[in-house]
Amino acid sequence: MKKAMIIVNPSSGREEAVNYIDRIEEILKEKSYDVIVSMTEKELDATRFCQDACKQEFDLVVSLGGDGTLNETINGMVDQEHRPVLAIIPLGTVNDFARALQIPLDPAEAVEFLRSDRTKSVDIGKFNDRYFVNIVAVGSVAEATYEVTPEQKTKFGPLAYVMEGFKTLKAKRSYPLRIEYEDKAWEGDSFLFLAALTNSTGGIKSLAPEAEVNDGHLHCYVIKDVSMLRLASIVSSILQGNLKNEDQVEYFATKNLHISSPDQLTTNVDGEEGDPLPAAIEVKPAHIQVIVK
C-alpha cells in the first residue's frame, strides 16, 4: 500500500487547518494510501516530519498550513535520496508558491486536487544552507516585510507586506552591493535587490512575469539608487509587470550568484528574515514533484 503523510500546522488558517484533515484522509484512502497525520507544535517540526517521510520512503507528503509550514516541509525534502510527491493545501496569507502553480487558494478546492494524478517538476532555490521557493530580497523594503505581525496578516492579507514595506520609502536608503553571476558582475548602490523563482511575490503576480516554476533560473532585479519620483514610476512598473524595462533597473537571469556588501545587511527569504550578507544563491532545477490539476 502507498504511504502518505499529512503535515498539519493546527494554528494555520485562523486555526481551521484541522477541519480539512478528515476530507484529505478520505480522498487519500480512496486512492489506496495508508495515511499518517503529523501535527506541528514548534518551529522546524514540519522539516523533521518531512525528513522522516523521506527516510521511510513515503509516496506523498501533504503540506496543510501556511507559507512557513510549506517552507519547512520543502526544507525537509530537498537533497533527500528519496523525495515523496508534494501536495499543497494553502492556508497562509500570501501563498505565492500555490499561486504560481495555479493551485486554488480556497483550501476546500485545493483538497480536491488530491484526486489528480498529474504532477509538475518545480525548481527549488538554495540560499546558503537553507532553501526557498519564491524570492530572496535585500534592502530596507525587504527588511521591513518580516516585521509584519500575525494581526496585520489576518486583517490585511497580502496587502500587509506592501503596506509595511512602503513605510520605508519615506526614509529611502540605498546600499552598496556587489553581485557576481556566471562570468559577470554588477557593483553599485541599490535601493532593493530581488531574486525571484516564481511569478508571484507578496501576492503580486506581475513582479516577475518572466519566471516559470521550472525554468531553472533566478530572475534578478537590481533597483538602483533612484529619486522618489523615479521610485514611484518603478512601483507602477512592478504592478504592470514591466519592471525589467525601467532604465534604473538592472535585470538578469542566472542559475547562481554571489551577493555581498561592505555594509551589514540582512536579507528576506520567502518572507522571513534570512542570513546577513554575503550570500550564495543557486537553483536546484526540477528538484521536487508537486501535484497539480
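Quantities reported herein were computed from a predicted structural model and do not represent experimental measurements. Reckoned from all heavy atoms, side chains included, excluding hydrogens, waters and symmetry mates.
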Answer yes or no: is there a side-chain heavy-atom contact under 4.5 Å between Leu101 and Lys120?
yes

For the side chain of Asp270 and the backbone of Asn134, is there at least one donor-acceptor N/O pair under 3.5 Å apart?
yes

In Å, rounded to the nearest 0.5 Å, how long is the span from CD of Glu16 to CG of Leu64?
11.0 Å

Other residues, nucleotides and ligands only: do more than 12 of their heavy atoms fall within 6.0 Å of NZ on Lys255?
no

Check this for me, if you would: do Lys284 and Asp79 make a salt bridge, where the nitrogen-to-carboxylate-oxygen distance has to be below 4.0 angstrom?
yes

Are the side chains of Ser190 and Val222 in contact, using a 4.5 Å heavy-atom criterion?
yes

Just verifying a value: how many Å separate Lys293 NZ and Glu109 CD, rounded to the nearest 0.5 Å?
9.5 Å

Transitive ILVMFWY side-chain link Tyr20 to Val8, under 4.5 Å:
yes

Within a reach of under 6.0 Å around CD of Glu30, are more than 12 heavy atoms found that belong to other residues, nucleotides or ligands?
yes

Is the number of heavy atoms from other residues, nucleotides or ligands within 6.0 Å of CG (Asp129) greater than 12?
no

Answer with yes or no after comparing the ring centroid distance for Tyr181 and Phe252 against a 6.0 Å cut-off, counting only values under it.
yes

For His219 and Tyr251, take the angle between the two ring planes, folded into 0 to 90°, and tell me which bin it lands in: parallel under 30, tilted 30 to 60, perpendicular over 60.
parallel

Is there a donor-acceptor pair closer than 3.5 Å between any side-chain N or O of Lys2 and the backbone N or O of Lys31?
yes

What I'd like to find out is whether the side chain of Ile88 reaches to under 4.5 Å of the side chain of Leu70, using heavy atoms alone.
yes

Under 4.0 Å between a Lys/Arg side-chain N and an Asp/Glu carboxylate O for Arg178 and Glu180?
yes

Donor-acceptor contact below 3.5 Å, side chain His287 vs main chain Pro285:
no

